[in-house]
Undergrad: 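This is the structure I have questions about; it appears just below.
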Amino acid sequence: MATKVLERKPLSLAEQTYLPQILGGMKITLRNMFKPPVTLEYPDERPDIPEGYRGVPTLVKDPNGREKCVSCQLCEFVCPPRAIRITPGEIDAESDTAHVEKAPKEFEINMLRCIYCGFCQEVCPEEAIFLQDIFSLSGYSREELVYQKDKLYELGGTLPDQHYKWDRKREAELAGNPHH
Amino acid sequence: MSTMSDDNKQDTVTIYVDDQPVEVPAGINLVEAVAVAGKEVPHYCYHPKLSVVGNCRMCLVEMGTPGRDRATGEPMLDEEGNPKIMWVPKPVIGCATNVSPGMHVKTESSLVKDCREGVMEFLLVNHPLDCPICDQAGECRLQEFATDYGRGYSRFVEQKNVKPKRTRIGPRVTLDDERCILCSRCIRFCEEVADDPVLGFIDRGSYTTLTTFPGKELDNNYSLNTVDICPVGALTSTDFRFKMRVWFLKETPSIDTESSVGCNTVVGSREGTIYRITPRRNDAVNDTWMPDSGRTLYRQVDADDRMTQYSIEGRPCAAEEALTLASTYLRNGRSAIVASGRLSVEEQYLLTRIASHAPGETPAWLVARHAEGDGKLLSADRNPNVRGALVTGLIDRIPEAQLSQLSAALESGKVENLIVVGEDITQAGISIDQIKKANVVYIGAVHCDTAQYAKVEIPLLTVFEKAGSFINQQFRVQKFAQAVPGPKGVLFGLSNFTQLLAAVSDGKDRIEPSPAAVWTEMAAAIDEFKELSFSAIPSTGQLIPADRFADLPFVEGKSLHFEPRTAVADA
Ligand code: SF4
Ligand code: SF4
Ligand code: SF4
Ligand code: SF4
Ligand code: FES
């Protein structure tokens, strides 16, 4: 193998003093000393979460307080790590929302499995599950991090609704058919 | 290309589906014929086992036949000498058009596509947005065809019709009228198959509604078949309602154990839990139907009285211990066997093999379960596999309901050890005192009085937890597969029997605990099974020669696809 001998250039006088380098470094240090900080004092300070952020998946209610999930189990099907587990149930015939017929009896998401992909939100035909702005989870046991229905609704809260699909369905049912 | 049968009629004809020649059976309609060609004519109201009504119009296709000159009757030819096709100027419905030689069909022309889009649009006009809460979702024809042949968007802005929802129309069926597409399959089924016409349309016009006749209920034992054939989620099973989405269900081919008809079934399970049982098409046995009563049999898997523990005199023990003690009994003293017509052929054969190692004669009985047959898919013999016991040589006559011979033998001390498999002999004329006289080994799936007084208890798997075969009333060997795992601690498959066999024979007679291995042995030992193997039995079953049993007075009467050979009629 051929070898090539590189010639090392002798250092110039300025270089030999190291002063230009030191000054260059000082400049950067000084500039940053007077710039506003880019880090946060987490956890005392919290970042602003941008829209569309994919945090913890949560279940939401509509502005009238109706639980929107109808336990169609599409999210359970689509969830890549199988974090969701739903036991479907029937809505009590006496209930105000009996016409919706179906709601989850149990709904759990294993947050240790969830990869925050957002597929559940995307697939949900009832707009009932949303990945909102919660990003920090902790717990003392694995069970604690399997979030149950209550907890998921608590975290999800209420979101605005564009459709009121079931309310309109109910109105139509009460109004009956025209010309009949 | 056509072949001729004896009566000189053509068996097959050649038609052209989108210009591709296909040979199809003569006399079938275009829906079936196009399916032979590997294409699909979407359809709702047509069902292969019901009469054709042609009311949904989804199956519209373009059709033409080779023209003939009116004057001479000669085939008309085009310039190139090919037969000239006289196209019907408007689309025709495929379900009510039977094939004829040389017929041309277009299933993909723009007219056909427009027709389908139009029909889909009309069907969806008043269809509710219920898919998220509809049990049919995932196996819904309307969903499938809307995606495959629909327009893809809705132009309908008016308010949809309101119709009754969540209506109970029978003990097992719930109806949602808004989802009904008025195909009338359910109505025709009730009239033509179930002989119980209770369904009809009222308020004809925009508000046509399916309902039961006044004072009537859809309560016959075949009512759930309407749920199966309903192409949409209008008719739903009350038992299965909201239990599980169908796309999660693992489908396992199985057999209905209710009677010797042996309806072919599909067991739908998810993660070891069974959710529903539906019929599996077998044109030689049950067509596409099954009785409602067979659909709840999966509950035996989690029954309260389910036995899951090996025990000796009521003390829980290891499987090995129980089987060893059972074999010690069998090897010392005179033994007898009470087997069950609900055991699989493999289990029955292994019992004969076990008996052959016991000293002296080892008589065996089955307990009969006779009831009235319904002439359809429930026969008079409510044991699914009496024929299996006959063919394997476990018994040589038709079983009786009372075990009087055994009772006498126990009384006189002629039988010292008794193996009871899957039957409660206290219900068959054996007293508890008599049971106490012998060393009784009870192998069964449920606790019962026999189990309580038995010396050894060995848990048995249900039909859903093992694979095997039954022989039905036609002497058709039909396979069933394992749908769910057995309860914890119970030996898998045929192990209870093969381990007992090994123990009785001092380890000399060993068979692997799989149906395939047992079939290898049976094929060698039993004439009827010669050259058969477990894997070679087709999914629709395999008929075996029945001449050896021609003289036996079987109790079955006439039922769907079955004529009794002997003159003994239904009770
Ligand atoms: S975000 Fe993704 S991983 Fe998490 S529950 Fe939804 S689908 Fe599953
Ligand atoms: S959250 Fe949405 S997708 Fe999941 S079960 Fe409920 S309705 Fe269906
Ligand atoms: S019948 Fe089919 S299309 Fe109609 S709501 Fe049910 S699943 Fe959806
Ligand atoms: S209930 Fe189902 S099977 Fe009966 S007419 Fe309506 S869509 Fe057809
Ligand atoms: S399937 Fe032909 S009209 Fe309905």
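Letters A, B, ... mirror the listed sequences (proteins, then strands); counts begin at 1.
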Undergrad: Taking the six-membered ring of A:Tyr116 as reference, does the NZ or CZ atom of A:Arg54 fall below 6.0 Å from its centre and within a 45° cone about the axis?
TA: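 No, A:Arg54 does not lie over the aromatic ring of A:Tyr116.
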
Undergrad: Nearest 0.5 angstrom please: B:Cys56 SG to B:Arg185 CZ, how far?
TA: 8.5 Å

Undergrad: Against A:Asp161, only a single residue in A:Lys61, A:Arg66, A:Lys68 fulfils salt bridge (Lys or Arg N to Asp or Glu O under 4.0 Å); can you say which?
TA: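 The salt bridge (Lys or Arg N to Asp or Glu O under 4.0 Å) with A:Asp161 is passed solely by A:Lys68 among A:Lys61, A:Arg66, A:Lys68.
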
Undergrad: For this output row, return yes or no: ring centroids of A:Phe107 and A:Tyr147 closer than 6.0 angstrom.
TA: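 Ring-ring flag for A:Phe107/A:Tyr147: false, centres at least 6.0 Å apart.
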
Undergrad: Which answer fits B:Phe242, side chain, backbone, both or neither, if we ask what part of it has an atom under 4.5 Å from a heavy atom of chain A?
TA: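 Contact with chain A involves both backbone and side-chain atoms of B:Phe242.
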
Undergrad: At a heavy-atom separation under 4.5 Å, does A:Ala175 approach chain B through its side chain, its backbone, both, or neither?
TA: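 Nothing of A:Ala175, per the 4.5 Å heavy-atom cut-off to chain B.
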
Undergrad: Based on non-hydrogen pairs under 4.5 Å, which of B:Pro128, B:Cys131, B:Pro132 is most in contact with chain A?
TA: B:Pro132

Undergrad: Between B:Asp203 and B:Thr209, is there a side-chain donor-acceptor contact under 3.5 Å, judged purely by atom types and distance?
TA: no

Undergrad: Taking every non-hydrogen pair under 4.5 Å, which of A:Glu76, A:Lys105, A:Glu173 racks up the most with chain B?
TA: A:Glu76

Undergrad: If we define contacts as heavy-atom pairs under 4.5 Å, which of A:Glu126, A:Arg168, A:Lys169 has the most with chain B?
TA: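 If we count pairs closer than 4.5 Å to chain B, A:Lys169 comes out on top.
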
Undergrad: Cut-off 3.5 Å, side chains only: do B:Thr238 and B:Thr174 have a donor facing an acceptor?
TA: yes

Undergrad: Quick one: which of B:Lys165, B:Arg166, B:Gln159, B:Lys160 has the most heavy-atom pairs under 4.5 Å with chain A, could you say?
TA: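 Among the listed options, the one with the most contacts to chain A is B:Arg166.
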
Undergrad: With a 4.5 angstrom heavy-atom cut-off, which part of B:Glu158 approaches chain A: side chain, backbone, both or neither?
TA: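 Neither part; nothing is under 4.5 Å.
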
Undergrad: Let me know if A:Pro88 has heavy atoms under 4.5 Å from chain B in its side chain, its backbone, both or neither.
TA: both

Undergrad: Tell me whether B:Asp239 is salt-bridged to B:Arg295, with the criterion being a basic N under 4.0 Å from an acidic carboxylate O.
TA: no

Undergrad: B:Asn126 versus chain A, heavy atoms under 4.5 Å apart: side chain, backbone, both or neither?
TA: neither

